[in-house]
Amino acid sequence: MLKVLFFARIREELACSGLELHWPDTRLDLYTLQEQLCAEHGQSWRDILTQDNMIRAVNQKVVTDNCELNDGDEIAFFPPVTGG
Amino acid sequence: MLKVLFFARIREELACSGLELHWPDTRLDLYTLQEQLCAEHGQSWRDILTQDNMIRAVNQKVVTDNCELNDGDEIAFFPPVTGG
Amino acid sequence: MENISINVHEADFDVAGLQRGLLSGLSEEGAVATFTGYVRRANDDRQVSTLELEHYPGMTEQSIKTIIDEAADRWPLLAASVVHRVGRLSPGDQIVWVGVASTHREAAFSACEFIMDYLKTRAPFWKKELGPFGEIWVSARQDDESRAARWQDDSTP
Amino acid sequence: MENISINVHEADFDVAGLQRGLLSGLSEEGAVATFTGYVRRANDDRQVSTLELEHYPGMTEQSIKTIIDEAADRWPLLAASVVHRVGRLSPGDQIVWVGVASTHREAAFSACEFIMDYLKTRAPFWKKELGPFGEIWVSARQDDESRAARWQDDSTP
């Protein structure tokens with residue numbers, strides 16, 4: 001299983017805080033997963049998830065490039081942080 | 001009148017926290033006052049008041065050179081500060 | 001480092017209690033530097049009536065831990081504590097507290113500022129302002145990125 | 001600057017009360033940086049049992065005022081407060097507190113550190129350590145002079 005989470009502005013724009021996906025029983029990388037989400041949910045998701053300043057985290061660590069995923073991973077999409 | 005104050009290690013070494021002196025009714029500068037104190041109180045005072053790192057203040061402001069004094073001034077001698 | 005404390009919660013906090021906690025069990029503290037952030041009453045001339053703070057539970061605490069560990073690698077610290085509120089806040093409310101104890105003040109000051117700079121740019125918190133203007137997600141400030149980046153040019157303070 | 005508070009006294013102080021005082025009456029604070037100094041339990045391996053703090057009444061307050069005014073010339077500050085204890089203190093006791101409020105954290109951090117650096121080198125306080133070794137007047141640290149001097153090379157932070 002894969003857990004996909006969306007936060008803040010991204011969560012609101014997608015009207016979705018998260019999804020649970022079955023593990024595809026094949027190799028899967030982050031960019032392929034993102035492409036699948038876009039293909040499945042339409043142009044509005046594509047516009048949002050491909051925004052320039054999108055931050056992606058795998059298992060609660062920010063990743064700046066593509067990376068292999070594993071069954072059980074938690075993937076998050078969120079905008080630049082503004083705490084403090 | 002002149003008020004002369006000594007603080008911390010200087011106060012202890014001189015065994016004196018302060019003196020009140022009559023205004024001499026003539027011009028007086030800081031170095032002349034210091035020389036008078038040394039002349040009056042002997043070599044131990046001279047050794048102490050002429051120490052390299054002695055700090056002198058006139059009317060609660062540090063002075064790094066000689067300066068004219070006026071009747072009513074408050075003169076202080078103290079070692080480098082160590083608060084905070 | 002002897003004490004690390006990280007707390008993310010909705011409730012307000014008491015700076016004196018936090019500072020006591022920071023020092024508890026320490027035997028050689030000399031210096032404590034702290035920072036408290038407050039909700040601004042106005043931002044870019046928008047009058048803010050409510051601030052909503054969202055975070056990424058789990059990752060938030062992890063990322064703060066990483067920031068503190070990095071500070072402890074750079075300076076000799078005795079203790080560090082971070083509290084960050086989430087949920088609905090009002091102008092003037094306390095929002096974040098960072099406290100650092102060290103034997104010397106230069107380490108305490110530098111580490112406290114370092115932790116704040118990284119908290120602003122690395123920890124997953126997001127602010128939304130509510131007011132007469134409606135709702136606005138606060139944008140990340142380029143200036144915050146620059147302030148965090150300067151620690152990389154200056155890694156041996 | 002809206003609030004300036006300078007206190008030199010024997011009694012202990014409460015950091016939460018001081019921080020509240022710093023903010024009282026302010027309408028636009030965003031950031032508070034504070035520093036608390038504590039009496040060390042040992043100095044250069046001397047076990048200190050008592051610290052005696054002497055000051056120059058009048059000049060002390062004046063010199064702290066001058067330091068705060070200089071900080072306010074350099075950074076946009078809303079409030080600054082300094083408390084320094086005198087008399088007999090014990091290891092672990094609070095000795096000094098500096099708090100600075102500003103709308104932005106960089107000003108608060110810089111001014112707080114600036115005030116501490118100048119307090120250490122310009123305000124007429126003197127420490128005497130008492131312990132098994134007898135009594136020793138603490139020597140001024142060259143390092144403190146260097147830290148204060150660096151603000152002169154860097155007058156437009």
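For clarity, every value in this text was computed on a predicted model and none was experimentally measured. Just so it is clear: chains get the letters A, B, ... in the order the sequence lines come, proteins before strands, and each one is counted from 1.
B:Arg46 has a carboxylate O that lies under 4.0 Å from a charged side-chain N of B:Glu35, or vice versa, which qualifies the two as a salt bridge. Of the charged side-chain nitrogens involved, none lies within less than 4.0 Å of a carboxylate oxygen, so that B:Glu20 and B:Lys3 do not count as a salt-bridged pair.
With a 4.5 angstrom heavy-atom cutoff, B:Ile55 does not touch chain D via any of its atoms.
Side-chain N/O atoms of D:Asn3 and D:Ser5 include no donor and acceptor closer than 3.5 Å.
Here B:Phe6 and B:Trp45 bring their ring centres to under 6.0 angstrom of each other.
At a heavy-atom cut-off of under 4.5 Å, chain B is reached by D:Glu54, D:His55, D:Tyr56, D:Pro57, D:Gly58, D:Met59, D:Gln62 from residues 53-62 of chain D, listed in order of number. Residues of residues 121-144 of chain D placed with any heavy atom under 4.5 Å of a heavy atom in chain B are listed by number as D:Thr121, D:Arg122, D:Ala123, D:Pro124, D:Phe125, D:Trp126, D:Lys127, D:Lys128, D:Glu135, D:Trp137, D:Val138, D:Ser139, D:Ala140.
In this structure, the separation between CD1 on D:Ile64 and CG on D:Asn7 is 9.0 Å, given to the nearest 0.5 Å. Taking CD1 of D:Ile67 as the start and CD of D:Glu70 as the end, the distance is 8.5 Å to the nearest 0.5 Å.
Under the 4.5 Å side-chain criterion, counting only non-hydrogen atoms from C-beta, B:Trp23 is not in contact with B:Met1.
Within the structure, the salt bridge (Lys or Arg N to Asp or Glu O under 4.0 Å) test picks out the following pairs touching residues 20-36 of chain D (sequence neighbours left out): C:Arg41-D:Glu29.
Looking at residues two or more places apart in sequence or on another chain, you find a ring-ring contact (aromatic ring centres under 6.0 Å, His included) between D:Phe109 and C:Phe35.
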